[in-house]
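Here is the structure we will look at, set down as structure tokens.
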Amino acid sequence: KAGVTQTPRYLIKTRGQQVTLSCSPISGHRSVSWYQQTPGQGLQFLFEYFSETQRNKGNFPGRFSGRQFSNSRSEMNVSTLELGDSALYLCASSLRPSGVGSTDTQYFGPGTRLTVL
Amino acid sequence: AQSVTQLGSHVSVSEGALVLLRCNYSSSVPPYLFWYVQYPNQGLQLLLKYTSAATLVKGINGFEAEFKKSETSFHLTKPSAHMRDAAEYFCAVSEEDSNYQLIWGAGTKLIIKP
């Protein structure tokens, strides 16, 4: 089975621009989560989607948004980029969404490294 | 609030020596606990997870971890380090208070000396 794929792998943008990142989960996985990883803040949860619905959202401003399509592929968008948005954005997929009794392994993609100048 | 503390941002061991990476959590109820590994320029890979079954959990690549409720710890060990173990290791916890989302530790970089 192919793993989680993320495109693009690297992006350079300037402040004020917007960006869209894409994630294709493992075939059959319907839950997709997004994380931001920075040296200062570490790994932080952005949001989780299941069956095209956002189930959970982390503590990020409204500039960060996402969506999931019927084929489970997901995109996240960041508008009005700031220097502090420079990070590695990781996508993870699992069979079922997070919840009581669900300890499905999350499988991570290689990430998209976003640099904001 | 839930938190995960990994003691030591960097741990250095000699090849063949015991690896011990520490993780402590704060949680009011027994959580689910995870260890992930991240190699340079790659995503994270699950090493092992505790889901309220056996307290000693065996994972991939010879790693294991023991859940100790009284100490709120979930330390990761490996009897004999290999050069290929050099990577960053993350401990994570999930429980009802966080809607079962993963709360991550800051990570520990494991350095293997030849």
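Sequence lines set the chain letters: A, B, ... in the order given, protein chains first and strands last, and positions in each chain run from 1.
For A/Gln37, the part lying under 4.5 angstrom from a heavy atom of chain B is the side chain only. Contacts of A/Leu43 with chain B are made by both backbone and side-chain atoms, with heavy-atom separations under 4.5 Å. Using a 4.5 Å cut-off between heavy atoms, A/Arg113 does not touch chain B at all. Residue contact with chain A, scored on non-hydrogen atoms closer than 4.5 Å, involves the side chain of B/Leu46 exclusively. For chain B, no part of A/Tyr107 is nearby; none of its heavy atoms comes within less than 4.5 Å. Residue B/Gln45 does not touch chain A at all, counting heavy-atom pairs closer than 4.5 Å.
By the 6.0 Å contact criterion, NZ on B/Lys109 is open, its count of non-hydrogen atoms from other residues, nucleotides or ligands being 12 or less. Within a 6.0 Å radius of CZ in A/Arg15, no more than 12 heavy atoms belonging to other residues, nucleotides or ligands are found.
With hydrophobic clusters built from ILVMFWY side chains whose heavy atoms lie under 4.5 angstrom apart, B/Val57 shares a cluster with B/Leu47. Both B/Val19 and B/Met83 are members of a single hydrophobic cluster when ILVMFWY side chains are connected at heavy-atom separations under 4.5 Å. Side-chain heavy atoms closer than 4.5 Å link hydrophobic residues (I, L, V, M, F, W, Y) into clusters, and following such links, even through other members, never connects A/Phe45 to A/Trp34. Note on B/Val93 and B/Trp104: separate hydrophobic clusters, where clusters join Ile, Leu, Val, Met, Phe, Trp and Tyr whose side-chain heavy atoms are under 4.5 Å apart, directly or indirectly. In terms of hydrophobic clustering, with Ile, Leu, Val, Met, Phe, Trp and Tyr side chains grouped at heavy-atom distances under 4.5 Å, A/Leu114 and B/Leu44 are assigned to different clusters.
Put simply, CD on A/Gln106 and CD on B/Gln101 are 7.0 Å apart, with the number rounded to the nearest 0.5 Å. B/Gln42 CD to A/Leu88 CG: the interatomic distance, rounded to the nearest 0.5 Å, is 11.5 Å.
Closest heavy-atom contact between A/Thr105 and B/Lys49: OG1-NZ, 3.1 Å.
Looking at A/Tyr35 and B/Leu102, their side chains come closer than 4.5 Å, going by heavy atoms from C-beta outward.
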